[in-house]
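Read the numbers this way: they start at 1 and go in the same order the structure lists the ligands and their atoms.
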Amino acid sequence: MAMSNSLYLLCLLHLLPLTSVSGSFGTLEEKQTHIKLYFHEIISGPNETSFIVAGPNLTSHVFGDIVIFDNALREGPDPSSKLIGRAQGTSILASQTDQSVLTAINFVFTQGRINGSTIALFGRVSASDTTAERTVIGGNGLFRMARGYAISSVVNASTESYIIEFNFHLIHY
Ligand SMILES: *[C@@H]1O[C@H](CO)[C@@H](O)[C@H](O)[C@H]1NC(C)=O
Ligand SMILES: *[C@@H]1O[C@H](CO)[C@@H](O)[C@H](O)[C@H]1NC(C)=O
Ligand SMILES: *[C@@H]1O[C@H](CO)[C@@H](O)[C@H](O)[C@H]1NC(C)=O
Ligand SMILES: *[C@@H]1O[C@H](CO)[C@@H](O)[C@H](O)[C@H]1NC(C)=O
C-alpha cells in the first residue's frame, strides 16, 4: 500500500513540469461555432440504430435501462437528406420517478472540412420537457478543447424513429 502511494506521488511530481507548460494555450485564439444538425434515431425495423441492451425489464422503459445507439447525423429532418456523421452513444434511464435519461454521446463527423472531428456531449434529457440543454465536454480535431452547450428538440417522433434537431454553441481553439 505504502509503495503504491509513493509511486502515485512520484507520477504526480513527474507531471508537474508538464502542467506548467499549459499556460501557452492562452496565446491561441478562441473561436465560436454554431452547428445545426439532425439526429435520426431508428427504434424499430430492419435498419434499427438504437437498442436497449440491458435493464431490469427489456420490454418496457424502466429505471436502469441502458440503450446504445449509432444514429445517422443529417443536414436536415428529411431521412434522405445528406449524411454528415454519426451520433454514437448511450442513454441510461436514471430517474426513479419518470423517464428522464442521462446521455453520453460522441458526434463523429464524416464529411467536408470537419471529417474526422468529434464533439463529446454529456447531460440529462428530462421526460417532461420538449427541449433539452446538454453540456459539450470536449472535442477532437477542429473541435479540440471545445466547451459549450447543445439545445435539442424533437421534430418528429413515431413508433419507427425519432428525429431530433441539435443546435451546438461551441467555443474552441
Ligand atoms: C433500410 O436500409 C436500406 C439500405 O439503405 C434501404 O434500401 C431500405 O429501404 C431501408 N429499409 C427501411 C424499412 O427503411
Ligand atoms: C415488464 O414490463 C411489461 C410491460 O410493461 C410487464 O407486463 C411485465 O410485467 C414486466 N416484467 C417485470 C418482471 O417487471
Ligand atoms: C473522411 O476521412 C476518412 C479518413 O481520413 C477518409 O477515408 C474519407 O474518404 C473521408 N471522407 C470524405 C467524404 O472526405
Ligand atoms: C414523421 O414521421 C412519420 C413516420 O416516418 C411520417 O409519416 C411523417 O410524415 C413525419 N412528419 C413530419 C412532420 O416530418
Side-chain angles (χ1 to χ4, degrees), residues 28-122 124-130 132 134 136-148 150 152-173:
L28 294 175
E29 204 188 320
E30 268 186 1
K31 298 186 191 82
Q32 287 190 31
T33 300
H34 171 223
I35 299 171
K36 181 176 181 170
L37 51 76
Y38 292 82
F39 168 106
H40 291 251
E41 178 161 39
I42 303 174
I43 56 173
S44 65
N47 298 334
E48 193 170 352
T49 60
S50 177
F51 303 87
I52 302 180
V53 290
N57 183 345
L58 298 182
T59 60
S60 64
H61 277 294
V62 294
F63 179 66
D65 274 0
I66 300 178
V67 172
I68 309 288
F69 50 86
D70 181 1
N71 297 335
L73 295 175
R74 298 186 183 277
E75 270 181 2
D78 183 335
S80 63
S81 71
K82 188 177 175 191
L83 183 71
I84 55 175
R86 310 296 305 182
Q88 298 170 338
T90 182
S91 75
I92 300 172
L93 210 158
S95 166
Q96 286 187 292
T97 52
D98 62 22
Q99 298 210 325
S100 298
V101 296
L102 174 161
T103 65
I105 311 171
N106 280 319
F107 286 77
V108 183
F109 297 100
T110 55
Q111 293 294 319
R113 211 169 64 87
I114 58 174
N115 184 11
S117 296
T118 67
I119 297 171
L121 188 73
F122 186 86
R124 179 172 189 262
V125 179
S126 149
S128 54
D129 296 339
T130 53
R134 283 174 267 184
V136 171
I137 57 172
N140 294 108
L142 285 178
F143 304 119
R144 211 172 266 172
M145 308 276 286
R147 60 194 193 281
S152 58
S153 51
V154 176
V155 295
N156 193 2
S158 69
T159 53
E160 291 96 52
S161 67
Y162 290 109
I163 299 168
I164 301 173
E165 179 183 303
F166 276 81
N167 278 284
F168 284 92
H169 300 273
L170 306 174
I171 294 174
H172 57 100
Y173 290 108

Heavy-atom nearest neighbour in the protein, as seen from atom 14 (O) of ligand 1, with distance rounded to 0.1 Å: N47 ND2, 3.5 Å
Those atoms of ligand 3 less than 4.0 Å from some heavy atom in Q111: 13 (C)
Parallel, tilted or perpendicular: rings of H169 and H34 (30°, 60°): parallel
Flag, side chain of S91 to backbone of V67, donor-acceptor distance under 3.5 Å: no
Check: N71/T49 side-chain N/O donor and acceptor closer than 3.5 Å: yes
Geometric N/O contact N115 with ligand 3, under 3.5 angstrom: yes
Under-4.0 Å heavy-atom contact between protein and atom 7 (O) of ligand 3: no
Any non-hydrogen protein atom less than 4.0 Å away from atom 2 (O) of ligand 1: yes
Chi angles and distances behind the side chain to side chain donor-acceptor pair (under 3.5 Å) call for T103, R134: CA-CA 9 Å; T103 65; R134 283 174 267 184; 3.0 Å; yes
Any non-hydrogen protein atom less than 4.0 Å away from atom 11 (N) of ligand 3: yes
Polar side chain donor-acceptor pair, E160 to S44, under 3.5 angstrom: no
Top protein contact for atom 13 (C) of ligand 2, by heavy-atom distance: N57 ND2, 4.4 Å
Identity and distance of the protein heavy atom lying nearest atom 5 (O) of ligand 2: S60 CB, 3.6 Å
Test item: side-chain donor near acceptor, N140 and S117, under 3.5 Å: no
Aromatic plane relationship, H172 with F143 - under 30° parallel, 30 to 60° tilted, over 60° perpendicular: perpendicular
Proximal ligand 3 atoms for T110, defined as those under 4.0 Å from one of its heavy atoms: 11 (N), 12 (C), 13 (C)
